[in-house]
Amino acid sequence: MKTPLSLVALRYAAAMFITVIFMFPIFWWGLTSIKPASDIFNKDEVVVFDFKPTLINYRVTVLGESPSMLTGGGTASGTTMGTGGENSFDGRKTIFDSIVIAIGSTIFTLAVSLGAAYALSRMAFRGNQLYLNWILSHRFLPPIAIIVPLVFMFHNLGLRDTYLGLILVHSLINLPIAVLLLKSFLDDVPKELDQAAMIDGATRWQSFRMVVVPMIRGGIAATAVLCFVFSWTEFLLSLFLTSEIRTLPVKITTFVTSTGSEWGFISALGTSAMLPSFIFILLVQRHLVRGLTMGAIKD
Amino acid sequence: MASVTISDAIKKYGALQVLHGINLDIRNGQFIVLLGPSGCGKSTLLRMIAGLEEVTAGEISIGGSKMNDVHPKDRNIAMVFQNYALYAHMSVRENMAFSMRLKKVDKSKIAERVGWAAKILSLEPFLDRMPRELSGGQRQRVAMGRAIVRNPDVFLFDEPLSNLDAKLRVQMRTEIKELHQNLKTTTIYVTHDQIEAMTMADVVVIMRDGNIEQVGSPLEVYDNPANLFVAEFIGSPGMNILEGTIGEDSVGKTFDFHGFSMPLPQDFKVHAGQNVLYGIRPEHVITSTSGAGLQATVKVVEPTGPETHIYADHGDMELCSVSRERLALSPQSEVRFLPDIDFVHLFDAKTKIAILKSQSAG
Ligand SMILES: Nc1ncnc2c1ncn2[C@@H]1O[C@H](COP(=O)(O)OP(=O)(O)OP(=O)(O)O)[C@@H](O)[C@H]1O
Ligand SMILES: [Mg+2]
């Protein structure tokens with residue numbers, strides 16, 4: 001049966017409408033980042049397109065140029081200029097820090113959780129199910145509940161304010177979900193495939209690497225996106241455990257001060273911060289396909 | 001090539017015992033078929049030989065060496081799984097080459113072997129396709145191909161033809177048989193299709209509920225079933241079974257059934273009054289419209305071409321006869337079924353074990 005044209009049009013309209021609603025905040029955020037300070041908050045009217053676009057906010061936050069030079073000493077609040085002459089709105093190191101930590105914790109989480117999920121999915125051992133529930137229970141705790149002991153532990157271990165420290169902490173939070181997710185993907189790969197590989201002469205490691213992992217590529221990609229996005233946006237733990245190293249969410253909050261909020265810089269850095277995760281997701285996306293085990297077995 | 005010996009093999013899943021002490025000797029080069037109804041433990045036994053299931057107790061050896069604790073990859077066996085288990089992310093070619101790739105066989109040698117297997121299995125046009133782009137039968141052949149490209153000591157097949165259409169099944173049956181005649185590789189083949197078992201096997205092993213009921217050549221098993229289960233399981237249409245007692249008349253021992261007395265070969269080791277089951281295969285029942293025999297009312301007539309199956313009711317019992325003659329029978333008509341007494345089987349009513357004839361009769 002052919003769908004009537006009017007219905008097709010209606011569907012597209014509805015889809016468009018919803019997309020617009022969801023995209024609007026991001027659009028507004030991007031728009032704000034290219035507005036001059038005077039047009040961001042205008043007490044008389046809402047400025048939509050009626051402004052002179054500027055890249056100042058990007059030049060300060062992403063290129064690290066000095067704000068006072070660019071604006072002639074006249075930002076929104078003026079007084080929050082970098083202490084000691086240095087540009088405290090320079091986001092370059094923070095972007096680097098965030099990338100290192102997000103990628104590091106994603107890789108670490110995947111490596112550990114893949115092994116754990118494989119064991120849980122393929123090897124029958126006493127307390128298998130119990131162990132799974134126990135893993136999940138870790139996720140029930142709000143991060144704030146563990147922050148105090150963590151700070152002490154990290155301090156004593158010398159992990160405070162290190163990349164490794166934050167990578168470990170983000171992995172810690174991501175692991176339960178990653179293990180569960182990957183296990184469910186692994187459970188969908190018929191055991192006979194591992195067995196066929198072993199009969200074909202593969203060691204367990206070879207059958208894992210050459211047969212099982214390629215089949216759950218999609219699951220691994222999905223898990224990677226989740227881990228990356230979590231780490232990329234995580235605030236609380238990073239705030240407590242770092243001072244020199246700053247991840248993006250933490251850095252951006254320092255733009256909100258007692259004397260005023262640098263909305264221009266915040267939106268510029270925020271918009272730029274979307275780019276790396278966007279690229280990451282784009283890279284991973286081609287693996288996000290279903291039905292990789294299709295054709296493996298008699299249905 | 002190797003022999004396979006299974007001694008007192010037991011398999012338990014937790015408290016559930018699925019194999020109860022299996023003993024089986026498979027000689028080098030034999031084609032042996034494990035036959036039995038669904039759930040009787042055929043796959044389990046095969047998987048124990050492959051090393052995919054732990055042996056709870058007993059011993060499995062291949063080529064004379066104990067295999068209980070040997071990793072599957074070190075057993076030099078090839079297996080076709082009941083559900084194919086193809087590597088879905090690899091092309092047909094890669095699927096077949098996988099085992100040789102692991103062994104680091106020469107590229108040219110791999111190509112040669114894969115080409116050879118593809119030719120035998122008519123898979124040449126599909127070598128670069130992915131498994132998901134194949135039909136069920138083609139997938140099954142890929143699974144076969146993956147097994148035969150290697151040069152294993154033992155082939156293990158778990159119902160490899162169950163998903164093929166009738167014609168392809170017959171063709172593949174011949175193909176496998178021919179392959180075995182050429183390669184002479186010891187083969188253990190699981191099926192619940194008795195035609196496959198009869199046509200392919202050197203030795204048929206009939207299993208039920210985790211036990212072996214009978215081991216023998218296809219014709220031995222057909223002609224001399226060791227017990228009622230084997231008698232009923234082998235043969236289609238199935239053997240007619242009548243329940244009655246041994247009687248005696250002026251000539252000698254008879255089989256008494258529903259007030260009807262039928263002659264018996266005199267060399268059966270039975271005594272008068274013994275409760276027995278009387279078995280006769282449909283092709284040994286002579287159908288006529290009058291004369292001697294059990295009276296029955298025709299229910300269904302099924303012509304198959306070379307022969308005609310006649311199902312008829314005697315009282316509340318359904319009997320079957322297979323005739324090569326073109327009988328003009330219609331439902332509800334009366335027929336006489338006369339068993340050919342040379343082909344009668346007797347089973348003890350209680351133990352269900354076949355009653356033998358005395359040796360003198362040879
Ligand atoms: N992992 C398992 N845990 C518990 N019981 C099992 C397991 N695998 C098989 N069984 C049981 O063992 C018995 C034998 O199973 P098996 O797969 O060997 O049967 P089969 O003869 O191959 O049947 P089919 O012809 O249907 O393939 C069945 O009753 C089955 O329920
Ligand atoms: Mg089976």
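Values in this document were obtained by computation on a predicted structure and should not be read as measured data. So you know, we letter chains A, B, ... as the sequences are listed, proteins then strands, and number each from 1.
- Atom CG of residue B:Leu52 and atom CE of residue A:Met198 lie 7.5 Å apart, to the nearest 0.5 angstrom.
- For B:Lys119, the NZ atom counts as loosely surrounded, since its 6.0 Å shell holds 12 or fewer non-hydrogen atoms of other residues, nucleotides or ligands.
- Annotation for A:Met274: atom CE counts as buried by contact number, over 12 foreign heavy atoms lying within 6.0 Å.
- For A:Phe27, the CZ atom sits in a packed shell: over 12 heavy atoms of surrounding residues, nucleotides or ligands are nearer than 6.0 Å.
- Each of A:Thr203, A:Val189, A:Leu193 has some count of heavy-atom pairs under 4.5 Å with chain B, and the biggest count is that of A:Leu193.
- Looking at B:Met90, only its side chain comes within 4.5 Å of chain A, counting heavy atoms on both sides.
- The shortest distance between side-chain heavy atoms of B:Arg150 and A:Asp200 falls below 4.5 Å.
- The shortest heavy-atom contact between B:Pro72 and A:Ile199 is CB-CG1, 4.2 Å.
- At least one donor-acceptor pair under 3.5 Å links the side chain of B:His89 to the backbone N or O of A:Met210.
- With a 4.5 Å cut-off on non-hydrogen atoms, B:Tyr87 touches chain A through its backbone and its side chain both.
- Taken to the nearest 0.5 Å, the CZ atom of B:Phe98 stands 7.5 Å off from the OG atom of A:Ser207.
- With a threshold of 4.5 angstrom between heavy atoms, B:Arg101 approaches chain A through side-chain atoms but not through N, CA, C or O.
- When side chains are defined from C-beta on, B:Lys73 does not count as touching A:Gln206, because their heavy atoms never get closer than 4.5 Å.
- Surrounding CD of B:Glu54 are at most 12 heavy atoms belonging to other residues, nucleotides or ligands under 6.0 Å away.
- Considering only heavy atoms from C-beta on, B:Arg47 comes within 4.5 Å of A:Gln195 through its side chain.
- Interface residue B:His71: only side-chain heavy atoms are found under 4.5 Å from chain A.
- Of all non-hydrogen atoms in B:Ala85 and A:Ala196, the two that sit nearest each other are O-CB, 3.9 Å.
- For B:Arg27, the CZ atom is loosely surrounded, since the number of other residues' heavy atoms within 6.0 Å does not exceed 12.
- The number of heavy-atom neighbours closer than 6.0 Å to CG of B:Leu16, taken from other residues, nucleotides and ligands shown, is above 12.
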